[in-house]
Amino acid sequence: MCKSITSQEKLDGFYSYTLYYHINISFEGDEVFVIHNSNDEYFIDSYSLCSNRAKALICSSKYRYYQISKFPFGPRLVYEKETDCDDHRHVFIKDEDGLELDLTSGHNVKSSFLGWNRNGREFWVASNKRTRKEFDVYSYRASDYQSKLIFENRGQHNIEVISPDGSWLATKKLNSHDDASLHLISLKSGAETEIPRRNGSASVRKSCISFTPDSEQLIYLTDEHSEFKQAWYYDITNRKYGLLFELNWDIEFIKYSKSMKYYAVGYNCDGIFKLKLIDNTSNSEVSIPETDLDNFSISQAEFTNDELYLVLILESDTVPSTLAYLDLSSHKKVSFEQLSPSHLVEPKLVQSIAQPFNSYDQLLVRGHLYKPQNASDVNKCPVLIWIHGGPGGQFRPIYRPEIQVLVNEGIAVFGVNHRGSSGYGKAFYHAADKKHGEADLKDIVSAKHFLQSITWVDPERIGVIGVSYGGYLAMAGLTFTDEFQVGIDFYGVMNWSRALSSIPEWWETQRQFIYSKLGNPAHEQEKLESLSPVFHTEKITQPTMIVQGAKDQRTLKIESDEMASKLLQQNVPVEYLLFDDEGHGIRKRHNKIKLIKTTLFFLQKYL
């Protein structure tokens with residue numbers, strides 16, 4: 001390895017950055033609201049495109065914010081806030097005097113802000129306060145916050161979007177691992193219509209993403225008609241549907257400008273979200289200079305109401321999520337320099353390289369490879385295979401400080417998108433159905449064999465590291481194969497039978513989808529136990545590191561407790577790192593630094 005960089009000062013160089021993760025445009029159109037975090041503090045700021053000035057609105061070192069919108073009239077704000085690291089968000093109002101009101105208070109209540117009626121007099125909230133298992137929809141009067149139940153969910157609907165005029169609700173039902181249905185519900189009559197299927201075809205990769213600003217069409221994504229997700233429209237009045245936009249990659253979002261002069265298309269190109277801008281009047285693509293956006297992934301795009309700008313959140317391996325906007329008169333990118341300064345001056349960062357390989361059955365699997373700068377045929381380096389969460393997630397090349405630390409320490413990282421991952425077509429997505437922990441694990445083993453063919457890789461020093469479902473696969477790699485020198489599990493499932501029997505109440509609408517994809521604990525307990533590392537710890541001999549948040553409600557603390565205890569009893573080298581103040585994911589900066597330091601010491605000792 002190269003010289004250690006584990007000093008606090010140098011680690012600060014990786015973890016001192018601002019992360020932008022939500023933008024919203026005011027009704028007036030000249031004000032951009034942003035949510036970001038920096039050094040364990042969460043902020044809500046506004047930025048005026050007219051005056052070119054930023055204003056701090058909310059700052060908290062305790063709570064994480066999601067969604068933000070300004071009231072159409074006056075300075076009030078509505079936003080989502082997570083009061084603890086337990087996945088329970090509530091919807092809050094901040095009034096003219098700065099006082100905060102929780103609109104959706106209650107134990108184990110989870111709520112989300114759905115948007116405004118275009119008249120600005122009411123907004124909508126989804127909440128499970130009536131029953132923990134299903135989310136209903138409520139309207140709130142902007143004047144006095146009086147609420148009314150407008151949709152009582154008794155049909156296992158997943159709430160998606162409401163039309164701007166308040167007439168229609170679009171939902172999704174997850175019927176099984178390979179079938180979902182989209183539904184349009186009249187909020188006036190209660191009548192429900194299923195969006196027509198082509199020849200009765202099934203597809204789970206569907207979602208309703210928006211209504212057009214005039215509320216006349218529902219825009220939805222589906223792969224019923226293609227290997228990849230396409231954007232389709234459903235004309236509500238005429239009850240006709242048709243293709244809006246398609247590529248040989250998954251479409252991820254469609255955003256319309258207010259008058260529908262433009263729409264923006266976000267698509268997934270091997271984990272990088274790219275953008276196309278369409279002139280809707282001529283149905284032609286608007287040219288954007290490649291140098292402006294080509295090296296970035298676009299996680300969000302919003303038009304200003306005057307249609308002069310398209311505001312973006314950009315990110316890459318070497319640039320944490322930052323703000324920019326396209327000037328729609330010149331179609332060139334302009335950066336929000338004063339809102340998103342770069343703190344990442346030390347040390348140098350590494351750009352990943354897209355790296356496909358053929359798996360055990362010749363299926364093409366893709367990944368992103370980070371090569372240490374000092375690696376060479378003479379100076380061979382160890383590698384960690386990084387496994388994303390899910391199942392069904394995707395490793396995307398965005399800024400990850402922990403990966404940059406590892407690579408600067410001389411450890412290569414290979415982020416693998418094994419079969420079952422999103423972004424590579426429906427056949428690839430479904431290729432691991434009911435074979436999770438088996439077929440996808442073989443892809444990880446194949447990734448190791450591929451790495452051993454690279455001349456600058458040390459073929460004897462290859463380990464696995466994974467988060468959530470990826471943490472499970474990392475432990476499965478140590479349990480059911482003898483291929484890896486070390487394994488690091490970040491809050492992964494160790495006992496599938498218990499985990500699937502302990503699905504959080506608010507995931508009730510997804511229960512059958514999860515069971516049909518992974519297994520039903522009531523009927524397939526023997527199979528689930530055969531795939532669960534905790535029942536086969538005698539097979540594990542290699543050094544293991546386990547990371548867990550005590551407040552995690554998705555992967556329970558008992559999973560990691562039992563695994564660590566059994567391995568210690570077997571005298572397997574184990575590093576168990578428990579964070580009492582974290583949930584499903586390590587969010588706090590001081591915990592992240594403690595985690596990467598512990599990880600480096602573990603790897604220096606065993607890899």
Side-chain angles (χ1 to χ4, degrees), residues 177 355-369 383-395 413-424 427-453 459 462-497 499-500 514 517-519 524 526-546 555 559-560 563 567 572 607:
H177 70 280
Q355 186 64 75
F357 63 93
N358 288 321
S359 192
Y360 65 95
D361 56 358
Q362 299 306 303
L363 179 69
L364 184 68
V365 175
R366 292 178 171 88
H368 297 272
L369 182 60
V383 187
L384 281 178
I385 298 174
W386 190 286
I387 314 173
H388 64 71
Q394 183 184 31
F395 183 93
V413 174
F414 190 26
V416 174
N417 284 312
H418 53 74
R419 70 190 68 201
S421 301
S422 298
Y424 303 103
F428 192 86
Y429 176 78
H430 289 300
D433 287 352
K434 300 306 284 281
K435 295 182 285 187
H436 287 287
E438 299 171 305
D440 46 11
L441 179 57
K442 290 181 180 179
D443 288 340
I444 302 303
V445 172
S446 296
K448 179 209 170 181
H449 297 160
F450 165 74
L451 289 168
Q452 289 177 315
S453 70
I462 299 177
V464 279
I465 182 171
V467 295
S468 193
Y469 179 78
Y472 157 70
L473 269 188
M475 288 303 302
L478 293 188
T479 307
F480 304 115
T481 82
D482 57 1
E483 298 280 353
F484 304 104
Q485 278 56 58
V486 297
I488 301 176
D489 155 40
F490 290 177
Y491 35 91
V493 171
M494 298 296 107
N495 181 342
W496 278 111
S497 182
L500 294 174
I514 295 171
K517 191 172 183 65
L518 295 168
E524 300 174 85
E526 184 176 345
K527 178 191 175 183
L528 292 172
E529 289 186 358
S530 73
L531 298 173
S532 299
V534 75
F535 296 111
H536 308 280
T537 56
E538 75 282 354
K539 298 180 180 180
I540 300 176
T541 59
Q542 301 291 49
T544 304
M545 180 172 167
I546 298 172
T555 303
E559 302 265 321
S560 295
M563 197 70 193
L567 292 178
V572 174
L607 191 67

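Since the model is a prediction, treat every value here as computed from it, not as a measurement. Starting from 1, each residue takes its place in the sequence as its number.
In this structure a side-chain-to-backbone donor-acceptor pair under 3.5 Å is present from His536 to Glu529. Formation of a donor-acceptor pair under 3.5 Å by the Asn417 side chain with backbone atoms of Gln394 is not found in this model. Of the possible polar contacts, none joining the Thr544 side chain to the Gly487 backbone as a donor-acceptor pair under 3.5 Å is found. Formation of a donor-acceptor pair under 3.5 Å by the Gln542 side chain with backbone atoms of Leu478 is not found in this model. The closest donor-acceptor contact from the side chain of Ser497 to the backbone of Leu528 lies at 3.5 Å or more, if one exists at all. Formation of a donor-acceptor pair under 3.5 Å by the Gln355 side chain with backbone atoms of Gly367 is not found in this model. In this structure, Ser446 contributes its side chain and Tyr360 its backbone to a donor-acceptor pair below 3.5 Å.
By the 4.5 Å heavy-atom criterion applied to side chains, Met563 and Ile540 are counted as neighbours. Side chains of Val413 and Val383 form no contact here, defined as non-hydrogen atoms less than 4.5 Å apart. The shortest distance between side-chain heavy atoms of Phe428 and Leu363 falls below 4.5 Å. Using a 4.5 Å heavy-atom cutoff, the side chains of Leu369 and Leu451 are in contact.
The two residues Trp496 and Leu531 make their nearest non-hydrogen contact at CD1-O, 4.0 Å. Taking all atoms of both residues into account, the shortest heavy-atom contact from Asp489 to Met494 is OD2-CE, 3.8 Å. The minimum heavy-atom distance between Ala474 and Ile387, with the atom names listed, is N-CD1, 3.9 Å. Taking all atoms of both residues into account, the shortest heavy-atom contact from Glu559 to Ala499 is OE2-N, 4.1 Å. Residues Lys434 and Lys527 approach most closely at O-NZ, 2.9 Å, considering heavy atoms. Between Val416 and Ala447, the shortest heavy-atom contact is CG2-CB, 3.9 Å.
To the nearest 0.5 Å, the span separating CD1 on Ile546 from OH on Tyr491 amounts to 14.5 Å. In this structure, CG on Asp443 lies 15.5 Å from NZ on Lys448, to the nearest 0.5 angstrom. Atoms CD1 and CZ, on Ile385 and Phe450 in that order, are 10.5 Å from each other to the nearest 0.5 Å. To the nearest 0.5 angstrom, His388 atom NE2 is 7.5 Å from Ser422 atom OG. With values rounded to the nearest 0.5 angstrom, Thr555 atom OG1 is found 13.5 Å from Phe490 atom CZ. The distance from atom OG of Ser530 to atom CZ of Phe535, rounded to the nearest 0.5 Å, is 10.5 Å.
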Please lay out, stage by stage, how Met545 and Val486 fare under the test side-chain contact (heavy atoms from CB on, under 4.5 Å). CA-CA 8 Å; Met545 180 172 167; Val486 297; over 6 Å; no
Are Phe484 and Ile444 close enough, and set up right, to give a side-chain contact (heavy atoms from CB on, under 4.5 Å), and what steps lead you there? CA-CA 10 Å; Phe484 304 104; Ile444 302 303; 3.9 Å; yes
Audit row: Asp482, Thr541, side-chain contact (heavy atoms from CB on, under 4.5 Å) steps and yes/no: CA-CA 9 Å; Asp482 57 1; Thr541 59; over 6 Å; no
Assess the residue pair Ile462 and Phe414 against the criterion (side-chain contact (heavy atoms from CB on, under 4.5 Å)); give the C-alpha distance rounded to whole Å, side-chain angles, the decisive distance to 0.1 Å, and a yes or no. CA-CA 10 Å; Ile462 299 177; Phe414 190 26; over 6 Å; no
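No option in Lys442, Lys435, Arg419 other than Arg419 meets the salt bridge (Lys or Arg N to Asp or Glu O under 4.0 Å) test with Asp361.
For Tyr469 and His436, the ring centers sit closer than 6.0 Å to each other.
By the 6.0 Å contact criterion, CD on Gln362 is enclosed, its count of non-hydrogen atoms from other residues, nucleotides or ligands being greater than 12.
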